[in-house]
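Right, one structure below, let's go through it.
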Amino acid sequence: MARRFHVTTFGCQMNVHDSERMRGMLSSLGYEEASEREEADVILFNTCSIRESADSRFIAHLGEAKRLKSEDPTRVVGVGGCWAQSVKDEVFQRFPFVDVAFGPGQIHKLAEFLNSDSLSAQGYFEFEDFSGHLPTRREREFQGWLQISQGCNCVCSYCIVPSTRGREVSRDPFELIAEAEALAGDGVREVTLLGQNVNSYGRELPKDRRISFAELLAMVDAVEGIDRIRYTSPHPKDMKEDVIRAHADLPALCEQIHLPLQSGSSAILKRMRRTYDRRRYMDRVALIREHVPDCAITTDIIVGFPGETEADFEQTLEVVEEVAYDGAFTFVFSPRRETEAATMAEQVPHPVKVERMERLIEAVQRRAAERARRFVGRTMEVLVEGTSRTDPTKLRGRTRHNKAVNFEGVAESGQFVDVEIDSATSQTLSGVSAPPHSAP
Ligand code: 5AD
Ligand code: SF4
């Protein structure tokens, strides 16, 4: 019988994509995927370290792997991703039952380990070039990722990512277009460009191959069969007018921009080393509203950054009121090892962080619900993703604005349908569909 593997993924879309590549690679080595962890011969974790809660959630899972390994010592336990990178060789001291550990994106190292006859624990933590052309097993055949760069040259004082993913390296544009064409040929309709800072793409490429992020978007847009393009995440400091205009000009580029704010206070933004201030951020928003008035804007916000006063926090609330985000991911500041902010003076007491978080969520949700009402009465193009999670008689999909929609109708996953929206909450839309059509 074939050996079986099980992967648990934590963290961002980059990790989701890396896990798809792990699945593809293991399948090509003759492994099969087990639906339960206890049925697997190779137990893998793709980890995140962005906040303390991510660490602790993962460590609870690791306890189960330890138990399974003690039941059957021939099992292999592997830990990849950002947490592994951030603790490196300590992994083996703290968790001696782990057989192999590797940094983010270093999936080919896992193959090397499984194909070797090494019996001792191995760690692979060098930052290197891309792991290249690994086969991918996509979760949905009509949606694909295109990793355009790895690493990050920013020095945000709260963030562990520059130390886990290394310096920024952009991939060759021609290689990316070939990959986009291959995805389209393989049935992908919606592609998401991935990078830690997508809109600084290309800056370190050799001159004869250097293109900007906006040019890359245009090249992907021209690929036959790609009907929707998204990207994540851009940095407000690098959000140029050409990228914003592209949302108006390129038919496949969706009306959706995730623009991480982090804080509405210029003083806090400075301590965060974000290199923009509130005014410049609001200029970007104004430019988006000018060129693409209906664009959905979402964001990330941190509350309780060291030194954040009540007045600073109120400025964040003001920005939330002004922008009226379509949605926001909200985080309580979490000190991360070896980051500048972890040891800054004036850490905000926990109860204050919690109280601010509650007020922030109230504002975010209220504005998002108000904003979502603009869709009621409209007919929106929805890419069907499956059945509704809450009501199995309904279907679920996403609009170009990246809003989840539950709707009545008959369609297959991967088809485009027009849905007439009849109600909206801060998170989801509901409606009724017309019959599917083949292309938007
Ligand atoms: N504490 C809280 N939130 C953080 N983020 C990144 N690092 C931290 C931290 N130390 C948030 C940021 C980022 C998102 C992915 O996670 O808002 O945009
Ligand atoms: Fe987590 Fe950040 Fe690493 Fe993604 S890049 S897995 S969010 S620590």
Side-chain angles (χ1 to χ4, degrees), residues 12-13 16 53 139-140 143 190 192 228 230-233 247 254-262 264 285 288-289 292-303 313 316-332 354-411 413-434 436 440:
C12 61
Q13 282 153 315
V16 173
S53 53
E139 194 186 328
R140 299 198 188 97
Q143 287 171 328
E190 177 179 291
T192 302
R228 286 184 174 187
R230 305 186 191 280
Y231 57 83
T232 195
S233 284
H247 282 267
C254 290
E255 294 74 31
Q256 175 231 336
I257 298 180
H258 184 72
L259 198 64
L261 169 70
Q262 312 302 2
V285 172
I288 295 169
R289 298 270 193 248
V292 200
D294 191 39
C295 194
I297 305 181
T298 54
T299 200
D300 292 343
I301 299 171
I302 299 176
V303 297
F313 174 65
T316 299
L317 288 181
E318 279 169 27
V319 172
V320 168
E321 298 291 348
E322 272 174 53
V323 175
Y325 291 106
D326 290 76
F329 297 109
T330 52
F331 307 104
V332 167
V354 172
E355 188 258 348
R356 286 182 189 165
M357 182 56 121
E358 283 169 5
R359 287 157 67 199
L360 178 64
I361 290 175
E362 185 283 320
V364 162
Q365 289 186 346
R366 175 171 40 74
R367 295 300 273 148
E370 285 166 15
R371 189 94 179 117
R373 271 185 230 131
R374 76 188 187 283
F375 297 126
V376 176
R378 276 166 63 175
T379 299
M380 320 268 316
E381 178 204 282
V382 170
L383 177 56
V384 183
E385 292 183 348
T387 29
S388 156
R389 294 199 182 108
T390 48
D391 178 353
T393 66
K394 289 190 175 170
L395 295 174
R396 176 177 48 84
R398 273 175 195 278
T399 66
R400 287 173 60 95
H401 298 79
N402 208 24
K403 275 276 174 197
V405 188
N406 293 310
F407 62 97
E408 287 166 32
V410 183
S413 294
Q415 283 180 327
F416 287 95
V417 290
D418 287 326
V419 176
E420 199 180 317
I421 305 299
D422 53 32
S423 70
T425 68
S426 63
Q427 303 274 351
T428 51
L429 307 176
S430 311
V432 181
S433 83

Can you check whether [X] reaches [Y] side chain to side chain, under 4.5 Å on heavy atoms?
{"X": "Arg378", "Y": "Asp294", "result": "yes"}
{"X": "Thr428", "Y": "Thr425", "result": "yes"}
{"X": "Phe329", "Y": "Val364", "result": "no"}
{"X": "Gln143", "Y": "Glu385", "result": "yes"}
{"X": "Val384", "Y": "Val417", "result": "yes"}
{"X": "Leu259", "Y": "Ile288", "result": "yes"}
{"X": "Asp300", "Y": "His258", "result": "yes"}

In Å and rounded to the nearest 0.5 Å, what is the [atom1] to [atom2] distance from [X] to [Y]?
{"X": "Thr192", "Y": "Arg228", "atom1": "OG1", "atom2": "CZ", "answer": "10.5 Å"}
{"X": "Leu261", "Y": "Thr299", "atom1": "CG", "atom2": "OG1", "answer": "5.0 Å"}
{"X": "Met380", "Y": "Phe407", "atom1": "CE", "atom2": "CZ", "answer": "13.0 Å"}
{"X": "Ile421", "Y": "Ser430", "atom1": "CD1", "atom2": "OG", "answer": "7.5 Å"}
{"X": "Arg398", "Y": "Leu383", "atom1": "CZ", "atom2": "CG", "answer": "10.0 Å"}
{"X": "Ile301", "Y": "Phe313", "atom1": "CD1", "atom2": "CZ", "answer": "8.5 Å"}

Next item on the list: Provide the full list of salt bridge (charged side-chain N to carboxylate O under 4.0 Å, His left out) pairs with a residue in residues 318-331, sequence neighbours left out, each pair given once.
Entry: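 Passing the test, one end in residues 318-331: Arg278-Glu318, Arg278-Glu322, Glu321-Arg366, Glu321-Arg367, Asp326-Arg371, Asp326-Arg374.
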Next item on the list: Flag yes if more than 12 heavy atoms outside Glu255 fall under 6.0 Å of its CD atom; otherwise flag no.
Entry: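 Atom CD in Glu255 is crowded, with more than 12 foreign heavy atoms closer than 6.0 Å.
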Note to self: With a sphere of 6.0 Å drawn around CD of Gln427, does it hold more than 12 non-hydrogen atoms of other residues, nucleotides or ligands?
What the structure shows: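 Result for CD/Gln427: open.
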Of all the heavy-atom pairs spanning [X] and [Y], show the shortest one and how long it is.
{"X": "Arg289", "Y": "Ala324", "answer": "NH2-O, 3.9 Å"}
{"X": "Ser433", "Y": "Gly409", "answer": "OG-CA, 3.5 Å"}
{"X": "Leu429", "Y": "Ala424", "answer": "CD2-CB, 3.5 Å"}
{"X": "Ala363", "Y": "Leu317", "answer": "CB-CD2, 4.1 Å"}

Next item on the list: Please assess Ile297 against Tyr325 for the test side-chain contact (heavy atoms from CB on, under 4.5 Å), listing each intermediate value before the final yes or no.
Entry: CA-CA 5 Å; Ile297 305 181; Tyr325 291 106; 3.9 Å; yes
Check: [X] side chain, [Y] main-chain N or O, donor-acceptor pair, under 3.5 Å:
{"X": "Ser426", "Y": "Ala369", "value": "no"}
{"X": "Thr330", "Y": "Ile361", "value": "no"}
{"X": "Arg396", "Y": "Asn406", "value": "no"}
{"X": "His247", "Y": "Cys254", "value": "yes"}

Checklist line | Pairs flagged by ring-ring contact (aromatic ring centres under 6.0 Å, His included) wherever residues 376-395 is involved - sequence neighbours left out | finding: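 Qualifying pairs, neighbours excluded: none.
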